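Worksheet: the structure to be examined is printed underneath.
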Amino acid sequence: MGAIRSVLVVDDSRLQRRILVGSLRKWGFEVIEAESGEAAMAICAGDLPDLVLSDWVMPGMSGLEFCTAFRGLNAERYSYFILLTSKSEKNEIAQGLDAGADDFLIKPVNADELRARISAGGRILTMQRELSEKNRLIATALGDLERAHEAIDKDLIQARKIQESLVPDLTRKFGSSRVSLLLKPCGHIGGDLVGMFAPGPDHVGFYSIDVSGHGITSAMMTARLGGYLSSQYFDQNVAMEHRYGGRFALRPPDEVARTLNTRLLADGGIEEYFTMVYCTADLRSGAVRIVQAGHPHPLILRRGGGVEFAGQGGLPVGLLSEAVFTQHSLTLRPGDRLLLYSDGFTECRLADGRMLEPEGLVDLVRACDPDQDGSRLLDELFLRLTRIMSPEHGLDDDVSATLFDYGGG
(Lines give C-alpha, C1' and ligand atoms only; values in the text may rest on other atoms or scores of the structure.)
Protein backbone atom coordinates (compact mmCIF):
# COMPACT_ATOMS: atom_id res chain seq x y z
CA MET A 1 0.00 0.00 0.00
CA GLY A 2 2.33 2.66 -1.27
CA ALA A 3 4.76 3.81 1.38
CA ILE A 4 3.91 0.98 3.83
CA ARG A 5 5.75 -2.29 3.34
CA SER A 6 6.79 -3.46 6.80
CA VAL A 7 4.45 -3.68 9.78
CA LEU A 8 5.31 -4.29 13.44
CA VAL A 9 2.49 -5.91 15.46
CA VAL A 10 2.85 -5.47 19.24
CA ASP A 11 0.41 -7.38 21.50
CA ASP A 12 0.81 -9.59 24.54
CA SER A 13 -2.04 -11.78 23.22
CA ARG A 14 -0.67 -14.45 20.92
CA LEU A 15 -4.16 -15.04 19.46
CA GLN A 16 -4.65 -11.35 18.70
CA ARG A 17 -1.25 -11.20 17.01
CA ARG A 18 -2.07 -14.28 14.91
CA ILE A 19 -5.33 -12.72 13.67
CA LEU A 20 -3.63 -9.44 12.73
CA VAL A 21 -0.56 -11.07 11.19
CA GLY A 22 -2.70 -13.38 9.06
CA SER A 23 -4.60 -10.48 7.53
CA LEU A 24 -1.50 -8.37 7.02
CA ARG A 25 0.48 -11.10 5.27
CA LYS A 26 -2.50 -11.91 3.07
CA TRP A 27 -2.42 -8.26 1.96
CA GLY A 28 1.28 -8.52 1.07
CA PHE A 29 2.97 -6.83 4.03
CA GLU A 30 6.20 -7.89 5.69
CA VAL A 31 5.20 -8.49 9.31
CA ILE A 32 7.28 -8.53 12.51
CA GLU A 33 5.82 -9.59 15.85
CA ALA A 34 6.59 -8.48 19.41
CA GLU A 35 4.84 -9.66 22.57
CA SER A 36 5.71 -6.57 24.64
CA GLY A 37 6.67 -2.93 24.41
CA GLU A 38 10.19 -3.73 25.59
CA ALA A 39 10.66 -6.35 22.84
CA ALA A 40 9.24 -3.95 20.27
CA MET A 41 11.73 -1.23 21.30
CA ALA A 42 14.60 -3.68 20.87
CA ILE A 43 13.38 -4.42 17.32
CA CYS A 44 12.92 -0.72 16.48
CA ALA A 45 16.42 0.11 17.71
CA GLY A 46 17.76 -1.88 14.77
CA ASP A 47 15.32 -1.03 12.01
CA LEU A 48 12.13 1.01 12.01
CA PRO A 49 9.00 -0.45 10.42
CA ASP A 50 6.78 1.66 8.19
CA LEU A 51 3.76 0.99 10.38
CA VAL A 52 3.25 0.00 14.03
CA LEU A 53 0.07 -1.69 15.30
CA SER A 54 0.27 -1.74 19.09
CA ASP A 55 -2.16 -2.80 21.78
CA TRP A 56 -2.73 -0.15 24.46
CA VAL A 57 -3.05 -2.36 27.55
CA MET A 58 -0.05 -4.65 28.02
CA PRO A 59 1.92 -5.80 31.07
CA GLY A 60 5.13 -3.93 31.71
CA MET A 61 5.46 -1.14 29.14
CA SER A 62 2.00 -0.10 28.02
CA GLY A 63 1.18 0.78 24.44
CA LEU A 64 1.05 4.43 25.42
CA GLU A 65 4.52 4.26 27.00
CA PHE A 66 5.83 2.34 24.02
CA CYS A 67 4.44 5.00 21.66
CA THR A 68 6.18 7.75 23.65
CA ALA A 69 9.50 5.86 23.64
CA PHE A 70 9.10 5.04 19.94
CA ARG A 71 8.66 8.70 19.06
CA GLY A 72 11.74 9.48 21.11
CA LEU A 73 13.95 7.45 18.78
CA ASN A 74 16.25 9.54 16.61
CA ALA A 75 14.69 8.36 13.35
CA GLU A 76 15.52 9.79 9.94
CA ARG A 77 12.12 8.81 8.53
CA TYR A 78 8.63 8.85 9.93
CA SER A 79 6.62 5.72 10.83
CA TYR A 80 2.84 5.56 11.19
CA PHE A 81 1.55 4.46 14.61
CA ILE A 82 -1.90 2.97 15.28
CA LEU A 83 -3.02 2.18 18.83
CA LEU A 84 -5.40 -0.75 19.33
CA THR A 85 -7.68 -0.09 22.27
CA SER A 86 -11.01 -0.79 23.81
CA LYS A 87 -10.99 2.80 25.07
CA SER A 88 -13.16 5.27 23.23
CA GLU A 89 -13.37 8.16 25.70
CA LYS A 90 -12.14 11.49 24.36
CA ASN A 91 -9.64 12.04 27.15
CA GLU A 92 -8.04 8.65 26.44
CA ILE A 93 -7.76 9.47 22.75
CA ALA A 94 -6.19 12.82 23.63
CA GLN A 95 -3.59 10.97 25.73
CA GLY A 96 -2.71 8.79 22.78
CA LEU A 97 -2.36 11.73 20.41
CA ASP A 98 -0.13 13.51 22.91
CA ALA A 99 2.06 10.40 23.08
CA GLY A 100 2.53 10.46 19.31
CA ALA A 101 -0.12 8.07 17.97
CA ASP A 102 -1.47 8.84 14.49
CA ASP A 103 -4.68 6.79 14.63
CA PHE A 104 -6.80 4.46 16.78
CA LEU A 105 -8.70 1.23 16.22
CA ILE A 106 -11.28 -0.08 18.67
CA LYS A 107 -10.93 -3.78 19.50
CA PRO A 108 -12.05 -6.20 18.24
CA VAL A 109 -10.47 -5.02 14.99
CA ASN A 110 -12.54 -5.20 11.81
CA ALA A 111 -10.37 -6.32 8.87
CA ASP A 112 -11.92 -3.93 6.36
CA GLU A 113 -11.53 -0.98 8.73
CA LEU A 114 -7.92 -1.99 9.46
CA ARG A 115 -7.11 -2.09 5.76
CA ALA A 116 -8.76 1.31 5.23
CA ARG A 117 -6.79 2.85 8.12
CA ILE A 118 -3.55 1.39 6.73
CA SER A 119 -4.35 2.86 3.31
CA ALA A 120 -4.94 6.26 4.89
CA GLY A 121 -1.65 5.93 6.78
CA GLY A 122 0.12 5.02 3.54
CA ARG A 123 -1.14 8.18 1.87
CA ILE A 124 0.04 10.28 4.81
CA LEU A 125 3.46 8.60 4.80
CA THR A 126 3.78 9.16 1.06
CA MET A 127 3.04 12.87 1.45
CA GLN A 128 5.30 13.12 4.48
CA ARG A 129 8.22 11.44 2.73
CA GLU A 130 7.72 13.52 -0.39
CA LEU A 131 7.77 16.59 1.83
CA SER A 132 10.90 15.34 3.59
CA GLU A 133 12.61 14.79 0.25
CA LYS A 134 11.63 18.26 -0.92
CA ASN A 135 12.89 19.71 2.35
CA ARG A 136 16.13 17.81 1.88
CA LEU A 137 16.49 19.21 -1.63
CA ILE A 138 15.68 22.70 -0.36
CA ALA A 139 18.21 22.32 2.45
CA THR A 140 20.82 21.18 -0.08
CA ALA A 141 19.98 24.10 -2.36
CA LEU A 142 20.13 26.53 0.56
CA GLY A 143 23.51 25.11 1.52
CA ASP A 144 24.73 25.61 -2.04
CA LEU A 145 23.33 29.14 -2.04
CA GLU A 146 24.99 29.93 1.28
CA ARG A 147 28.34 28.72 -0.04
CA ALA A 148 27.83 30.72 -3.24
CA HIS A 149 26.83 33.77 -1.18
CA GLU A 150 29.92 33.40 0.98
CA ALA A 151 32.09 33.20 -2.14
CA ILE A 152 30.36 36.23 -3.67
CA ASP A 153 30.61 38.13 -0.40
CA LYS A 154 34.32 37.33 -0.22
CA ASP A 155 34.77 38.51 -3.82
CA LEU A 156 32.81 41.70 -3.10
CA ILE A 157 34.96 42.46 -0.07
CA GLN A 158 38.05 42.06 -2.24
CA ALA A 159 36.39 44.17 -4.96
CA ARG A 160 35.80 46.90 -2.41
CA LYS A 161 39.49 46.88 -1.52
CA ILE A 162 40.33 47.20 -5.21
CA GLN A 163 37.81 50.03 -5.59
CA GLU A 164 39.23 51.81 -2.54
CA SER A 165 42.66 51.60 -4.16
CA LEU A 166 41.30 53.85 -6.94
CA VAL A 167 41.16 56.63 -4.32
CA PRO A 168 44.50 56.20 -2.55
CA ASP A 169 44.41 59.61 -0.83
CA LEU A 170 41.28 61.09 0.74
CA THR A 171 42.99 64.43 1.25
CA ARG A 172 46.00 66.08 -0.33
CA LYS A 173 47.60 69.49 -0.17
CA PHE A 174 48.59 71.44 -3.25
CA GLY A 175 50.59 74.38 -2.00
CA SER A 176 48.23 76.35 0.24
CA SER A 177 45.18 74.68 -1.29
CA ARG A 178 43.70 71.26 -0.54
CA VAL A 179 41.39 68.68 -2.11
CA SER A 180 39.40 66.36 0.19
CA LEU A 181 37.34 63.36 -0.88
CA LEU A 182 34.36 61.44 0.53
CA LEU A 183 33.26 58.06 -0.83
CA LYS A 184 30.50 56.08 0.93
CA PRO A 185 29.06 53.21 -1.15
CA CYS A 186 25.61 51.98 -0.09
CA GLY A 187 26.77 48.35 -0.45
CA HIS A 188 30.05 46.47 -0.60
CA ILE A 189 30.90 48.33 -3.78
CA GLY A 190 29.50 51.39 -5.46
CA GLY A 191 29.17 53.33 -8.68
CA ASP A 192 30.53 56.66 -7.46
CA LEU A 193 34.08 57.81 -8.04
CA VAL A 194 36.00 60.86 -6.84
CA GLY A 195 39.59 61.83 -7.48
CA MET A 196 42.27 64.45 -8.01
CA PHE A 197 45.61 64.84 -9.77
CA ALA A 198 48.15 67.58 -10.40
CA PRO A 199 50.75 67.63 -13.19
CA GLY A 200 52.70 70.41 -11.47
CA PRO A 201 52.65 72.88 -8.56
CA ASP A 202 50.30 75.41 -10.15
CA HIS A 203 47.33 73.42 -11.39
CA VAL A 204 45.08 70.67 -10.05
CA GLY A 205 42.26 68.65 -11.57
CA PHE A 206 39.48 67.10 -9.48
CA TYR A 207 36.16 65.41 -10.21
CA SER A 208 33.00 63.74 -8.97
CA ILE A 209 31.46 60.89 -11.00
CA ASP A 210 28.26 58.86 -10.58
CA VAL A 211 27.82 55.80 -12.84
CA SER A 212 24.27 54.79 -13.71
CA GLY A 213 22.81 51.80 -11.89
CA HIS A 214 24.22 50.00 -8.88
CA GLY A 215 26.27 46.98 -7.97
CA ILE A 216 29.00 45.08 -9.77
CA THR A 217 28.45 46.50 -13.27
CA SER A 218 28.63 50.08 -12.04
CA ALA A 219 31.67 49.27 -9.91
CA MET A 220 33.45 47.78 -12.92
CA MET A 221 32.78 51.01 -14.80
CA THR A 222 34.28 53.08 -11.97
CA ALA A 223 37.38 50.91 -12.13
CA ARG A 224 37.65 51.66 -15.81
CA LEU A 225 37.15 55.38 -15.26
CA GLY A 226 39.73 55.27 -12.48
CA GLY A 227 42.22 54.16 -15.11
CA TYR A 228 41.14 56.89 -17.54
CA LEU A 229 41.63 59.52 -14.80
CA SER A 230 44.58 57.98 -13.00
CA SER A 231 46.33 60.05 -10.37
CA GLN A 232 49.45 57.89 -10.64
CA TYR A 233 49.92 57.12 -14.34
CA PHE A 234 49.65 60.41 -16.20
CA ASP A 235 50.47 58.82 -19.54
CA GLN A 236 47.16 56.88 -19.27
CA ASN A 237 45.14 59.81 -17.94
CA VAL A 238 42.87 61.25 -20.68
CA ALA A 239 42.77 64.57 -18.78
CA MET A 240 46.51 65.00 -19.25
CA GLU A 241 48.38 66.35 -22.24
CA HIS A 242 51.94 65.19 -22.74
CA ARG A 243 54.41 68.04 -23.16
CA TYR A 244 58.03 68.21 -24.19
CA GLY A 245 60.58 66.97 -21.69
CA GLY A 246 58.29 64.45 -20.02
CA ARG A 247 56.07 67.13 -18.54
CA PHE A 248 52.26 67.02 -18.46
CA ALA A 249 49.55 69.67 -18.55
CA LEU A 250 45.82 69.57 -17.86
CA ARG A 251 43.57 69.46 -20.88
CA PRO A 252 40.44 71.68 -20.90
CA PRO A 253 37.51 70.03 -19.06
CA ASP A 254 35.17 70.09 -22.07
CA GLU A 255 37.75 68.17 -24.13
CA VAL A 256 38.03 65.59 -21.35
CA ALA A 257 34.25 65.09 -21.32
CA ARG A 258 34.18 64.67 -25.11
CA THR A 259 37.03 62.15 -25.02
CA LEU A 260 35.33 60.08 -22.31
CA ASN A 261 32.03 60.24 -24.22
CA THR A 262 33.70 59.00 -27.41
CA ARG A 263 35.50 56.16 -25.65
CA LEU A 264 32.41 54.99 -23.84
CA LEU A 265 30.21 54.96 -26.93
CA ALA A 266 32.90 53.22 -29.00
CA ASP A 267 32.67 50.11 -26.83
CA GLY A 268 29.74 47.98 -27.93
CA GLY A 269 27.61 46.24 -25.32
CA ILE A 270 28.10 48.88 -22.64
CA GLU A 271 24.77 50.35 -21.57
CA GLU A 272 26.05 52.33 -18.59
CA TYR A 273 26.59 56.07 -18.69
CA PHE A 274 27.73 58.44 -15.98
CA THR A 275 27.27 61.96 -14.72
CA MET A 276 30.28 64.07 -13.89
CA VAL A 277 31.62 67.38 -12.78
CA TYR A 278 35.27 67.82 -13.70
CA CYS A 279 37.22 70.94 -12.72
CA THR A 280 40.68 72.34 -13.22
CA ALA A 281 41.97 75.06 -10.92
CA ASP A 282 44.80 77.54 -11.35
CA LEU A 283 46.32 77.64 -7.87
CA ARG A 284 47.92 81.03 -8.50
CA SER A 285 44.81 82.96 -9.57
CA GLY A 286 41.88 80.92 -8.25
CA ALA A 287 40.48 80.56 -11.80
CA VAL A 288 38.43 77.37 -12.12
CA ARG A 289 37.22 75.77 -15.35
CA ILE A 290 34.24 73.44 -15.05
CA VAL A 291 32.39 70.97 -17.22
CA GLN A 292 29.09 69.70 -15.82
CA ALA A 293 27.69 66.57 -17.45
CA GLY A 294 24.33 65.71 -15.91
CA HIS A 295 25.76 65.94 -12.39
CA PRO A 296 24.24 68.05 -9.57
CA HIS A 297 25.27 71.72 -9.58
CA PRO A 298 28.47 72.35 -7.58
CA LEU A 299 28.27 74.57 -4.51
CA ILE A 300 30.56 77.53 -3.98
CA LEU A 301 31.08 78.12 -0.27
CA ARG A 302 32.35 81.68 0.06
CA ARG A 303 34.69 82.57 2.88
CA GLY A 304 32.22 85.10 4.27
CA GLY A 305 29.45 82.51 4.56
CA GLY A 306 27.70 82.94 1.23
CA VAL A 307 26.60 79.87 -0.71
CA GLU A 308 25.94 79.78 -4.47
CA PHE A 309 25.28 77.10 -7.03
CA ALA A 310 27.54 76.89 -10.08
CA GLY A 311 27.41 75.05 -13.39
CA GLN A 312 25.20 74.98 -16.45
CA GLY A 313 23.83 71.44 -16.44
CA GLY A 314 24.54 69.33 -19.52
CA LEU A 315 24.03 65.75 -20.70
CA PRO A 316 25.60 62.70 -19.04
CA VAL A 317 28.70 61.11 -20.56
CA GLY A 318 28.15 58.00 -22.69
CA LEU A 319 24.49 58.67 -23.44
CA LEU A 320 24.52 60.36 -26.87
CA SER A 321 27.23 60.58 -29.51
CA GLU A 322 26.16 64.11 -30.46
CA ALA A 323 26.19 65.40 -26.88
CA VAL A 324 27.72 68.85 -26.46
CA PHE A 325 29.75 69.56 -23.34
CA THR A 326 30.09 73.21 -22.43
CA GLN A 327 32.86 74.57 -20.28
CA HIS A 328 32.46 77.59 -18.08
CA SER A 329 34.61 79.45 -15.59
CA LEU A 330 34.44 80.90 -12.12
CA THR A 331 36.91 82.54 -9.78
CA LEU A 332 37.58 81.59 -6.19
CA ARG A 333 39.11 83.89 -3.64
CA PRO A 334 41.41 82.66 -0.86
CA GLY A 335 39.31 80.89 1.74
CA ASP A 336 36.55 79.94 -0.72
CA ARG A 337 35.56 76.33 -1.20
CA LEU A 338 34.04 74.42 -4.12
CA LEU A 339 31.91 71.37 -3.29
CA LEU A 340 31.16 68.67 -5.86
CA TYR A 341 28.69 66.00 -4.72
CA SER A 342 26.64 63.09 -6.05
CA ASP A 343 22.85 62.89 -5.98
CA GLY A 344 23.21 60.40 -3.13
CA PHE A 345 23.08 63.56 -1.01
CA THR A 346 20.24 65.48 -2.63
CA GLU A 347 18.05 62.42 -3.35
CA CYS A 348 18.51 60.91 0.09
CA ARG A 349 15.12 60.00 1.58
CA LEU A 350 14.43 61.78 4.88
CA ALA A 351 12.44 60.55 7.86
CA ASP A 352 9.32 62.44 6.70
CA GLY A 353 9.49 60.81 3.25
CA ARG A 354 10.79 63.85 1.38
CA MET A 355 14.14 64.03 -0.43
CA LEU A 356 16.88 66.29 0.89
CA GLU A 357 16.99 68.32 -2.37
CA PRO A 358 19.71 70.93 -3.15
CA GLU A 359 18.22 73.46 -0.72
CA GLY A 360 18.38 70.87 2.05
CA LEU A 361 22.03 70.26 1.25
CA VAL A 362 22.70 73.99 1.62
CA ASP A 363 21.08 73.89 5.07
CA LEU A 364 23.17 70.84 5.94
CA VAL A 365 26.38 72.61 4.84
CA ARG A 366 25.52 75.75 6.82
CA ALA A 367 24.97 73.61 9.94
CA CYS A 368 28.55 72.33 9.75
CA ASP A 369 31.51 74.03 11.42
CA PRO A 370 33.01 76.24 8.65
CA ASP A 371 36.39 76.53 10.34
CA GLN A 372 37.34 72.85 10.22
CA ASP A 373 39.51 71.35 7.51
CA GLY A 374 38.00 69.79 4.37
CA SER A 375 38.10 66.16 5.47
CA ARG A 376 36.37 66.88 8.76
CA LEU A 377 33.79 69.04 7.04
CA LEU A 378 32.89 66.20 4.66
CA ASP A 379 32.74 63.71 7.53
CA GLU A 380 30.43 66.03 9.49
CA LEU A 381 28.29 66.57 6.40
CA PHE A 382 27.84 62.82 5.97
CA LEU A 383 27.19 62.30 9.69
CA ARG A 384 24.46 64.95 9.65
CA LEU A 385 22.93 63.26 6.59
CA THR A 386 22.76 59.88 8.33
CA ARG A 387 21.03 61.50 11.32
CA ILE A 388 18.13 62.85 9.25
CA MET A 389 17.78 60.09 6.66
CA SER A 390 14.82 57.71 6.74
CA PRO A 391 15.59 54.68 8.94
CA GLU A 392 13.38 52.63 6.62
CA HIS A 393 15.27 53.47 3.43
CA GLY A 394 18.68 54.07 4.96
CA LEU A 395 21.51 54.72 2.53
CA ASP A 396 19.98 53.44 -0.71
CA ASP A 397 22.43 55.20 -3.02
CA ASP A 398 26.16 55.87 -2.98
CA VAL A 399 27.17 59.16 -1.37
CA SER A 400 30.32 60.93 -2.51
CA ALA A 401 31.82 64.41 -2.57
CA THR A 402 34.93 66.34 -3.55
CA LEU A 403 35.83 69.53 -1.71
CA PHE A 404 38.37 72.00 -3.06
CA ASP A 405 39.76 74.49 -0.53
CA TYR A 406 41.43 77.40 -2.29
CA GLY A 407 44.21 78.87 -0.19
CA GLY A 408 45.50 81.54 -2.60
CA GLY A 409 48.53 81.77 -4.81
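Quick caveat, the model's predicted, so the values are computed rather than measured.
- Here the straight-line distance linking atom OG of S79 with atom CG of L125 works out to 7.0 Å at 0.5 Å rounding.
- Here the side chain of S212 pairs a donor or acceptor atom with the backbone of Y273 at under 3.5 angstrom.
- Considering CG of L383 and CG of L378, their distance stands at 12.5 Å, rounded to 0.5 Å.
- Every residue meeting the side-chain contact (heavy atoms from CB on, under 4.5 Å) condition with D47, not counting sequence neighbours, appears here in chain and number order: R77.
- Evaluation of the side-chain contact (heavy atoms from CB on, under 4.5 Å) rule for L350 yields D352, R354, L356, I388 as partners, not counting sequence neighbours.
- Legend: residues meeting side chain to side chain donor-acceptor pair (under 3.5 Å) with T326, ordered by chain and number and at least two apart, are absent.
- Residues forming a side chain to side chain donor-acceptor pair (under 3.5 Å) with T262 (at least two apart in sequence, or on another chain): none.
- Remark: the backbone N or O of S13 is paired with a side-chain donor or acceptor of D11 at under 3.5 angstrom.
- Residue pairs meeting the salt bridge (charged side-chain N to carboxylate O under 4.0 Å, His left out) criterion with at least one partner in residues 18-39, sequence neighbours excluded, are R17-E33.
- With sequence neighbours excluded, the residues that form a ring pair (Phe, Tyr, Trp, His ring centres under 6.0 Å) with H242 are F248.
- Judged purely by atom type and a 3.5 angstrom limit, T68 uses its side chain to pair as donor or acceptor with the backbone of L64.
- One N or O on the side chain of N261 and one on the backbone of L320 form a donor-acceptor pair closer than 3.5 Å.
- E241 is not listed as a side-chain neighbour of L250, based on a closest heavy-atom distance of 4.5 Å or more.
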Go through E255 and T259 one step at a time and tell me if the side chain to side chain donor-acceptor pair (under 3.5 Å) criterion holds.
CA-CA 6 Å; E255 286 186 17; T259 301; over 6 Å; no
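- No side-chain donor-acceptor contact under 3.5 Å links D210 and S342.
- Of the options F66, F104, W56, a ring-ring contact (aromatic ring centres under 6.0 Å, His included) to F81 is made by F66 and by none of the others.
- One N or O on the side chain of H328 and one on the backbone of G311 form a donor-acceptor pair closer than 3.5 Å.
- Judged as a ring pair (Phe, Tyr, Trp, His ring centres under 6.0 Å), and not counting sequence neighbours, the contacts of F206 are F404.
- For the side chain to side chain contact (heavy atoms under 4.5 Å, CB included) test with I209, the passing option among L340, L229, V277 is L229; the others fail.
- Stacking of R263 on the aromatic ring of Y228 is recorded, both the 6.0 Å distance cut-off and the 45° axial limit being met.
- The salt bridge (charged side-chain N to carboxylate O under 4.0 Å, His left out) analysis of residues 129-143, with sequence neighbours excluded, yields the pairs D50-R129, E133-R136.
- Between the side chain of E65 and the main chain of S62, a donor-acceptor pair closer than 3.5 Å is present.
- Residues passing the side-chain contact (heavy atoms from CB on, under 4.5 Å) test with S176, sequence neighbours excluded: none.
- A salt bridge is defined here as a Lys NZ or Arg NE, NH1 or NH2 lying under 4.0 Å from an Asp or Glu carboxylate O, and R289 with D282 fails to meet this definition.
- Checked by atom type, the side-chain pair S180/R172 shows no donor-acceptor distance below 3.5 Å.
- Of the candidates V291, V288, T402, L330, C279 forms a side chain to side chain contact (heavy atoms under 4.5 Å, CB included) with just one, namely V288.
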Is there a side-chain contact (heavy atoms from CB on, under 4.5 Å) between T275 and V317 once you walk through the steps?
CA-CA 6 Å; T275 65; V317 177; over 6 Å; no
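- With hydrogens and angles disregarded, no donor-acceptor distance shorter than 3.5 Å links the side chain of D12 to the backbone of S36.
- Using modelled atom types, one side-chain atom of S177 and one backbone atom of G407 make a donor-acceptor pair closer than 3.5 Å.
- Listed by first and then second residue, the side-chain hydrogen bond (donor to acceptor under 3.5 Å, both in side chains) pairs that reach into residues 372-384 are Q372-E380, E380-R384, sequence neighbours excluded.
- With sequence neighbours excluded, the residues forming a side-chain contact (heavy atoms from CB on, under 4.5 Å) with R117 are I82, D103, L105, E113, listed by chain and number.
- Between Y207 and Y278, the ring planes lie tilted relative to each other; the angle falls in the 30° to 60° range.
- Nearest heavy atoms, L8 versus P49: CB-CG, 3.7 Å.
- In terms of heavy atoms, G37 sits closest to V10 at N-CG1, 4.2 Å.
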Checking V204 against V179 for the side-chain contact (heavy atoms from CB on, under 4.5 Å) test, could you report, in this order, the C-alpha distance in whole Å, the side-chain angles of both residues, the deciding distance, and whether it holds?
CA-CA 9 Å; V204 61; V179 176; 4.3 Å; yes
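- At a cut-off of 3.5 Å, with distance as the only test, a side-chain donor of H295 or S208 sits close to an acceptor on the other residue.
- In this structure a side-chain-to-backbone donor-acceptor pair under 3.5 Å is missing from Y406 to R337.
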Validation: residues 297-309 side-chain donor-acceptor distances under 3.5 Å, sequence neighbours left out:
unit_1 : atom_1 : unit_2 : atom_2 : d
H297   : ND1    : Q292   : OE1    : 3.3
H297   : ND1    : Q292   : NE2    : 3.3
H297   : ND1    : A310   : O      : 3.1
R302   : NE     : E308   : OE2    : 3.1
R302   : NH1    : T331   : O      : 3.3
R302   : NH1    : D336   : OD2    : 2.7

